[in-house]
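Note that these values count all heavy atoms, side chains included, but never hydrogens, waters or copies made by symmetry. Proteins get letters first, then strands, A, B, ... in listed order; numbering begins at 1 in each.
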2 protein chains.
Amino acid sequence: MTRMHKENSLSKNQQIIFDLIDKSPEPLKAYTILYNVQKKGINAPPQVYRALDKLVEVGKIHKIESKNAFVACKNSDCEISKATAFSICESCEVVDEISDIKLSKYLSSFNHKKGMKFKRFNLEFFGLCKKCK
Amino acid sequence: MTRMHKENSLSKNQQIIFDLIDKSPEPLKAYTILYNVQKKGINAPPQVYRALDKLVEVGKIHKIESKNAFVACKNSDCEISKATAFSICESCEVVDEISDIKLSKYLSSFNHKKGMKFKRFNLEFFGLCKKCK
DNA sequence: TTACATGCTGTTATATTATAACAATTCTAA
DNA sequence: TTAGAATTGTTATAATATAACAGCATGTAA
Ligand SMILES: [Zn+2]
Ligand SMILES: [Zn+2]
Ligand SMILES: [Zn+2]
Ligand SMILES: [Zn+2]
C-alpha cells in the first residue's frame, strides 16, 4: 500500500471505514460497517474494531454510547474528543453532533465537588427532532 | 408471590436485583448480577434484563452507558431519570452520580439550535479521582 | 361467575457487540 | 538496512442483549 509520510494519514482499513462512516447520514454499527466493507477485503470483526478504536482515538469519529454506533466528527475533531455532545431523536434515531462553544466551555470547566478533575466528557441529549414532533 | 396493591412497589425479582445494585459500591454489569442472584432463583439473562429495564424506567437505577453497567440512583430517582450526570474515574473505575442543581438546570434548559426539544440527557465525565491522581 | 387485559415470571434459544491470541506484513526512523 | 512500531489477516471465543413462547397472578368489566 502506498504510505504517506506521517501523522495525519490514515491506514488503508482506517480510511475505508472512515469514508463509510463519513458518508453515512446516520450512526453506523460495527457489524453494519463490516457487512459494507467486505467487498473491500475487510473480513473480520477485529479489523473493524481496530480501525474504529484508532479513529476514535484520533478524534475522526465518535461513539454514540447509548446506541453502540459511530458517527464522523463534524467539528474539527473535537480537540481529540475531549468534549462531545449529541442530540438524538428517540423516534427517527437521527443523531447530530452539537457544537456549542458556550456549552462546551461550561462543561469543560465544570469541577466536581469531590475534587475530581475531569479530562473529558460525553453528553447525549434525547428528544424528538423537528420532523418527528 | 404476595403482591402489594400498587405504584411504588417492586416485584420480587426487581427487589432482589435492586438490593444487590444498591449495596454495591461500584456499577454492576448484567451478568455479574446474574451470577450473584442465581442462589435466589434467578437463572437466566432475560429475568435480569427485564428487571433492569423496569428499574431504569422507574428511576431506581441508571445505566452507565460507557460501561454497560448499572448503579442505584442516589438522588431521589432523578425525576425518573430525565437528567443524569456521572463522574467516572478512568483508573479505578469508581462512578459517582453528580447532583448539582445548577448543572442540571443549565442542561435541562439547553435548547438545540436546530429546533429539537430535549426531554432527557445523560452526561458522563471522565478523569482521575482524588485517590488516583 | 366468566372473560379479558396487564404485568410478572420462567425457559430455551439466538442475536448482537466486542475481544483474545497468534502470525505475518508494512511503515518509519535511525 | 535494520529494529521497533503499527497495521493487517485469521480463527475462535467472550460478553452483552433480545426473541419467542408459555404460565400464573391480579384487577376489572361484562
Ligand atoms: Zn466531534
Ligand atoms: Zn426524528
Ligand atoms: Zn439518579
Ligand atoms: Zn480512581
Side-chain angles (χ1 to χ4, degrees), chain A residues 1-21 24 26-71 93 95, chain B residues 1-21 24 26-71 93 95:
Chain A
M1 234 345 81
T2 63
R3 284 267 34 83
M4 315 97 237
H5 0 245
K6 52 160 174 310
E7 44 186 57
N8 250 332
S9 62
L10 300 177
S11 75
K12 173 169 136 292
N13 287 0
Q14 290 160 15
Q15 188 69 56
I16 290 168
I17 287 173
F18 174 73
D19 288 344
L20 184 70
I21 296 171
S24 172
E26 60 195 356
L28 293 180
K29 293 177 161 263
Y31 278 75
T32 304
I33 292 167
L34 177 57
Y35 301 140
N36 280 281
V37 296
Q38 288 188 324
K39 59 178 87 70
K40 305 228 177 187
I42 297 175
N43 302 301
Q47 296 174 284
V48 173
Y49 281 99
R50 285 190 295 229
L52 290 172
D53 288 348
K54 187 69 181 183
L55 290 166
V56 166
E57 183 191 323
V58 302
K60 302 287 289 182
I61 66 173
H62 303 303
K63 183 173 187 180
I64 308 300
E65 295 287 358
S66 62
K67 300 172 77 70
N68 297 317
F70 299 84
V71 295
E93 313 251 300
V95 171
Chain B
M1 239 342 81
T2 61
R3 282 269 34 83
M4 315 97 232
H5 358 248
K6 47 153 177 316
E7 45 188 55
N8 251 334
S9 61
L10 299 178
S11 75
K12 173 169 135 294
N13 287 0
Q14 289 159 16
Q15 188 69 56
I16 290 169
I17 287 173
F18 174 73
D19 288 344
L20 183 70
I21 296 171
S24 172
E26 60 195 358
L28 292 180
K29 293 178 161 260
Y31 277 75
T32 304
I33 293 168
L34 177 57
Y35 301 140
N36 279 282
V37 296
Q38 288 188 325
K39 59 180 86 74
K40 306 229 175 185
I42 297 176
N43 302 302
Q47 297 174 284
V48 172
Y49 280 101
R50 283 190 296 229
L52 290 173
D53 288 347
K54 187 70 181 182
L55 290 167
V56 167
E57 183 191 322
V58 302
K60 302 286 290 180
I61 65 173
H62 304 302
K63 183 173 187 181
I64 307 299
E65 295 286 358
S66 61
K67 298 171 79 67
N68 297 317
F70 299 84
V71 295
E93 313 251 300
V95 171

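- Taking atom CZ on A:Phe70 and atom P on C:dT17, their separation rounds to 10 Å, with Å as the unit.
- For A:Lys63, there are no salt bridge (Lys or Arg N to Asp or Glu O under 4.0 Å) partners at least two apart in sequence or on another chain.
- At the phosphate of D:dA17, OP1 or OP2 sits under 4.0 Å from a side-chain N or O atom of B:Asn68.
- Atoms CG (A:Leu52) and C1' (C:dA18) sit 11 Å apart, rounded to a whole Å.
- Using a 4.0 Å heavy-atom cutoff across all strands shown, B:Lys63 reaches sugar-phosphate atoms only and no base atom.
- Not one N or O on the side chain of A:Asp19 forms a donor-acceptor pair closer than 3.5 Å with the backbone of A:Ile17.
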request  = Run the numbers on A:Glu57 and A:Asp53 for side-chain contact (heavy atoms from CB on, under 4.5 Å), then give the verdict.
outcome  = CA-CA 6 Å; A:Glu57 183 191 323; A:Asp53 288 348; 6.0 Å; no
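- Without hydrogens or angle criteria, A:Asn36 side chain to A:Leu34 main chain gives no donor-acceptor distance under 3.5 Å.
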note = Going 5' to 3' through nucleotides 6-12 of chain D and flagging B where a protein heavy-atom sits under 4.0 Å of the base, S where only the sugar-phosphate is that close, and - otherwise, we get -SBBBB-
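- If you take CG of B:Leu34 and P of D:dA14, they are 16 Å apart, rounded to a whole angstrom.
- Remark: the backbone N or O of A:Gln15 is not paired with any side-chain donor or acceptor of A:Lys60 at under 3.5 angstrom.
- Within the structure, every side-chain polar atom (N or O) of B:Tyr49 is placed at least 4.0 Å from both OP1 and OP2 of D:dT18.
- Considering only side-chain N and O atoms, A:Lys29 lies under 4.0 angstrom from the phosphate OP1 or OP2 of C:dT17.
- Contact detail for A:Ile21 and A:Val71: the closest heavy-atom pair is CG2-C, 3.6 Å.
- Going from atom NZ of B:Lys67 over to atom C1' of D:dA17 covers 19 Å, rounded to whole Å.
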